Each structure stands twice: as C-alpha cells, then as structure tokens.
**Q** 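What follows is a single structure, and I will ask about it in a moment.
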Amino acid sequence: MTEVLFSNTDRWRDGSSRAISLIVVAGVLRLVDIAIIGAAGIVAYSAYMGEDANYKAIYYLAVLVGALLATVIFHVNQLYRINSGAVVTSSARLFSSVSAVMLTLVVLAHLLHISELYSRVWVALWFVTSFVGMSLARIGLRALQKRWMLEGRLTRVVAIVGSGSHASRLVRRFNLAGQPGVSALGVKVVGYFDDRSGRADPELAKIGCSRLGTVEDLLVFARKQPLDHVIVALPWSAETRVLQLLRKLRALPVDVALAPDLVGFTLNRSAYSSLGGVVLLPVFSAPLADWRLVMKDIEDRGLALLLLVLFGPLLVMISLLIKLDSKGPLLFRQQRYGFNNQLIKVLKFRTMYTHLEDRDATRLATRDDPRVTRVGRWLRRTSLDELPQLVNVLRGEMSIVGPRPHALSAKAADRLYEDVVEEYAARHRVKPGITGWAQVHGWRGETDTYDKIRKRVEYDLYYIEHWSLALDIKILVMTAIAVFRTKNAY
C-alpha cells in the first residue's frame, strides 16, 4: 500500500542532488562582491595610474577600506535577501549601495585631509567597474536561480502530519499558486500523513493535498523522496499525541516544526520561524545545514584525501601483510546503516578468515576470537582496519567524525540495538563516521549488555546536538591518543 501511495508523488529533485541553501548562496555572493570591489580598485589603478610605487600603498589601502565598508553598507541595505522565487537585488538598490560606499570613502578622505592624494578619475573608474562587475554577478545568479528552480533545487518540499481543519487551514495559508502544489515562494506540499484514519480527508482532498499513509510510512517516505520539512498540524491541546509523534519524527534528518493552532497564533512570535509566509514553531532542526553542512563537507573530503596520500605507504604495507597472512580478498565489504537510515557498503581491511566471516554481524568479535587472523588482531587493536573507509568519505557516504555505522543485525546481548534504545534511529540524522565521540570515550567493541549500547547512543546524540569544527578536531586528537590506549577492541 505504501509503495502505491508513494508512486503517485512526483520527484521535484533528483535524489542525488541537494536542495540549494539560500543562506550559502547569499554568503557566496557577499564574498564575490568583496572580491569584485577589491579587483576593480586594483584594475582601475593599473589602468590609470600605472605601477607608480609612490602611490600604490595609499591606493591599495583605500581599496581595502572600501571592501570592508561594503560588507557593512551592503548588509544594511539588504543586498543579500535572496528568496526561492528567483528574486535578486534590484539594480537601483545596488547602485545606491555602491554610491554610498564611494561617498563614505570621499568623506573619510576629506576629514583626514588626504583627499588630494587620490585621483578623481581613479575613483570614477573604480565606481563604474565595481558596479558593472557586481551587476554581471547578479545576472549570472539570476540565470542560476532559474536553472535551480527548473531542477526543483530551490523548492522546499514539505510533508504535513495530521488532517482535519487544522491541517487544511495550514495548507491554505501556504497560498498555493503557479505550478500545482507549489507556492509562489517555492514551497511544495507533497501530501499529509495521518494515523487516525485510512480514508482521505475531504477538506484536504478539495485543495489537492493527498493522504500518503501513516507516520510510519512517512519515515520510509523520507528515505526515498527528497524532503526538507515536516510540519505537525495538530491542536496543541493534544499534548500526549503531539509528543508521541515528535519522538518518532526526531529520527528524521529534516526540520520538524509545529504549526501553531488558533491559540499559538496569538502568542509572542519571537520564537517562531517562517516558511513560505507561514509562521511555524521549530521543534527539531536538521543537525547540519547551510554553512555548517558546507564546512563539514570540506573538512571530510579534504582530510580524507590528505590522509590517503599520507598513509599511502602504510596502506600498501597492510595490504601485503593481509595477503601473506591468510587467503581471501583484501577488503571486507559490509552493508550498514548510513545517513537517514539508507544502506551503504562500508569498506574495511579483512581481519577474519574468509570461511569464518559473519557478514551480518550476528555475533560481534570478542577477546581471543578464533575467527580473527593474526594480522587482523593487530589491525583491530590499532583501528587501522578502518582506513579504507576514507574511500567511503570521498564518496560522500561517510564522514571522518560521526556516529559509527553499525551492522544491520548487531545486537546488545540478545536484542537488536533499535529494540534496546528508543532514540537509536536519531543517530542517522548525520553521516556515520570513521571515529566518533562515543569511541574516544571508550564505548566501542562488543556490546554484551544493554547499558553499553545505551551509552554509545547517548554519546552519539550529544555529538550530533553539539557539532562544531572544534569538537571534530578534539575528537581527532583524542582518537590518535586512544589508538594506543584502547583495551576493548577485538
């Protein structure tokens, strides 16, 4: 039934492509503007003044001050308010902002009694070149935005949880227009999920919002279709039901919010967010989004490439030792849960005898495990068997630092991990990592008790909620130290 319902939804983005973050786009445009102002001043100087060393320093200082002023004035004049409707700052606002920068520089030069040191022709050239350059940058951005809109990468895909008048009022407030189901501000409601009834809500059906299943179906849907937001449209008075739903939805790596009911709309809106003109109360946010996602991606891929180069000779040596020690393939491939509970094939150096391998990890390795080879014991003790996962990182399937990916059938004592820890699936809101906060605190190795997996999940969730580059660096340093101190890796 779920597959039939899902097949009726159209894909607004290629599953392999990410939604474009307008916050990142605005930040990149800000850097481009600063670069254009700086380059325009230097080009104008070279074209008009030549390479006279007597004046170069004072002119370049003016260029630097102008670039710094631009960051403030452009921000105040809201040059970087870009929305998903492909609207970029008007030429008139850009012209007035560049004029304000130049006028401020002229006033400063006059007050400091250094205005006579600067050529008026140079100032005019700088002004014109800067304005033309930034105008061309915005023309290029408009073209990109049109392309992104056609690809659906600026469309924020929303799923509603709940039905009835509260949900229908929410969908109507999105002011649907243009393409079917897409608001003028780039919001697409794919449908609604509701546990209470198997029948479609007539009010929602009238406005083109289809029922796609239950909340459990939503958890599956989010792994197969691009989804950016989940909005719970239930009366706040249904506290018990709302809390139960939120506990389930916490596992999703998307923004989860409550749509205020009639009472909520009368409260102080300072704590609210807005999506497509609709006021929402945020509950959970995607752990890594916008610049945080960019920073994490650069960290992962850059560090993975560097480590592969540095450890190249070691990788070759380990490969030779494995081949000399026992028969079988060099690498061990195992399916594990990755980001958003999607299956990935994790790479490791083979550490067990081929005929004794347990690909489903129904029994974790223990001390003096007879399945482990001689070289394998050393690799496991030093965690060097994990090095091939740097390739998983380059593929975008894993991170350098993050919750460790667990095998599908891994158990704590006699029960699957997800049956022991209610919030277990919330670990998958970020990519799994080669090392993590739990591992550097000693929570690795066999899980022969329920408490061991509970502690792992507790540390993993702490990492997700407190992520920063500084925390990643701390974990990497602690990992290097822990390699020589570990006692429970078999």
Side-chain angles (χ1 to χ4, degrees), residues 307-308 311-338 343-393 397-398 400 402-417 420 432-436 438-453 455-457 459-460 478-490:
L307 291 176
L308 280 172
F311 292 153
L314 178 60
L315 293 172
V316 173
M317 185 190 75
I318 291 173
S319 301
L320 290 174
L321 290 174
I322 292 172
K323 284 295 185 181
L324 291 172
D325 184 49
S326 62
K327 294 180 180 180
L330 178 66
L331 297 177
F332 175 72
R333 294 172 173 85
Q334 186 180 60
Q335 278 198 329
R336 299 193 178 189
Y337 287 120
L343 294 179
I344 60 173
K345 283 191 176 180
V346 172
L347 303 176
K348 297 179 70 173
F349 279 125
R350 182 176 59 83
T351 59
M352 289 187 176
Y353 294 104
T354 305
H355 65 288
L356 297 176
E357 284 178 351
D358 179 9
R359 293 197 172 272
D360 295 327
T362 53
R363 182 165 69 92
L364 298 182
T366 57
R367 186 184 298 274
D368 300 323
D369 197 314
R371 299 174 298 168
V372 179
T373 65
R374 291 173 299 174
V375 172
R377 287 192 180 89
W378 170 67
L379 291 175
R380 283 173 172 264
R381 188 169 60 252
T382 58
S383 296
L384 292 176
D385 61 320
E386 313 284 358
L387 285 179
Q389 288 165 35
L390 292 171
V391 176
N392 288 111
V393 176
E397 299 167 338
M398 292 180 63
I400 296 291
R404 285 293 299 152
H406 294 153
L408 309 189
S409 301
K411 295 180 179 180
D414 57 347
R415 296 174 64 191
L416 294 173
Y417 290 164
V420 176
I434 297 176
T435 185
Q439 281 65 42
V440 297
H441 284 85
W443 298 107
R444 55 172 301 190
E446 62 178 326
T447 50
D448 52 352
T449 66
Y450 296 160
D451 187 59
K452 286 183 178 179
I453 189 57
K455 280 295 184 180
R456 280 196 196 184
V457 174
Y459 277 82
D460 287 337
M478 293 176 70
T479 298
I481 297 171
V483 164
F484 301 100
R485 294 182 178 178
T486 185
K487 298 178 180 180
N488 53 349
Y490 313 126

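Note that this is a predicted model, so its numbers are computed, not measured.
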**Q** Got a second to check how far Ile322's CD1 is from Phe332's CZ, nearest 0.5 Å?
**A** 12.5 Å
**Q** Tell me every residue that passes salt bridge (charged side-chain N to carboxylate O under 4.0 Å, His left out) with Glu397, counting only those two or more places apart in sequence or in another chain.
**A** Arg395
**Q** So with a 6.0 Å cut-off around CZ of Arg415, is the heavy-atom count from everything else above 12?
**A**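 Yes, because the 6.0 Å sphere around CZ of Arg415 holds more than 12 heavy atoms from other groups.
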**Q** Answer whether the closest heavy-atom distance between the side chains of Arg336 and His406 falls below 4.5 Å.
**A**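 Not in contact.
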**Q** Using every non-hydrogen atom in the two residues, find where Arg333 and Leu347 come nearest and quote the distance to one decimal.
**A**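 Closest approach of Arg333 to Leu347: CG-CD2, 3.4 Å.
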**Q** For the pair Thr354 (side chain) and Lys327 (backbone), establish whether a donor and an acceptor sit closer than 3.5 Å, ignoring hydrogens and angles.
**A** yes
**Q** With heavy-atom distances below 4.5 Å as the criterion, would you say the side chains of Gln334 and Lys345 are in contact?
**A**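 Of all side-chain heavy-atom pairs linking Lys345 with Gln334, none is under 4.5 Å.
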**Q** Quick check: does any side chain N or O of Arg404 sit under 3.5 Å from a backbone N or O of Gly433, one acting as donor and the other as acceptor?
**A**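 Indeed, once roles are kept as given, a pair shorter than 3.5 Å links the two residues.
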**Q** Is there a donor-acceptor pair under 3.5 Å between the side chain of Lys323 and the backbone N or O of Gly328?
**A**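 At least one qualifying donor-acceptor pair exists.
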**Q** Between Leu379 and Leu321, is a side chain to side chain contact (heavy atoms under 4.5 Å, CB included) present by the stated rule, with each step listed?
**A** CA-CA 11 Å; Leu379 291 175; Leu321 290 174; over 6 Å; no
**Q** Which atom names give the shortest non-hydrogen contact between Ala412 and Ile453, and what distance separates them?
**A**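 Where Ala412 meets Ile453 most closely, the heavy atoms are CB-CG2, 3.6 Å.
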**Q** What pairs with Thr373 under side-chain contact (heavy atoms from CB on, under 4.5 Å), at least two apart in sequence or on another chain?
**A**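 With sequence neighbours excluded, Thr373 shows a side-chain contact (heavy atoms from CB on, under 4.5 Å) to Asp325, Ser326, Arg350, Tyr353, Val375, given in chain and number order.
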**Q** With sequence neighbours excluded, what pairs up with Pro432 under the side-chain contact (heavy atoms from CB on, under 4.5 Å) test?
**A** Ile344, Met398, Pro405
**Q** Identify the two heavy atoms, one from Leu384 and one from Phe349, that lie closest to each other, and give their separation to 0.1 Å.
**A** O-CD1, 3.5 Å
**Q** Inspect the contact between Arg380 and Asp385 and indicate whether a charged nitrogen and a carboxylate oxygen are less than 4.0 angstrom apart.
**A** no
**Q** Report the distance from atom CD of Gln439 to atom CD1 of Ile434, rounding to the nearest 0.5 Å.
**A**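 Spacing of CD (Gln439) from CD1 (Ile434) equals 11.5 Å.
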**Q** Could you tell me if the side chain of Leu387 sits less than 4.5 Å from the side chain of Leu314, heavy atoms only?
**A** yes
**Q** Parallel, tilted or perpendicular: which describes the rings of Trp443 and Tyr459, with under 30° parallel and over 60° perpendicular?
**A** tilted
**Q** Working to the nearest 0.5 Å, report the span between CD1 of Ile400 and CG of Leu307.
**A**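 The CD1 atom of Ile400 sits 5.5 Å away from the CG atom of Leu307.
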**Q** Taking the side chain as everything from C-beta on, heavy atoms only, tell me whether Leu408 gets closer than 4.5 Å to Gln335.
**A**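 Yes, close enough: below the 4.5 Å cut-off.
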**Q** If I take atom CG from residue Leu320 and atom CE from residue Met317, how far apart are they, to the nearest 0.5 angstrom?
**A** 9.0 Å
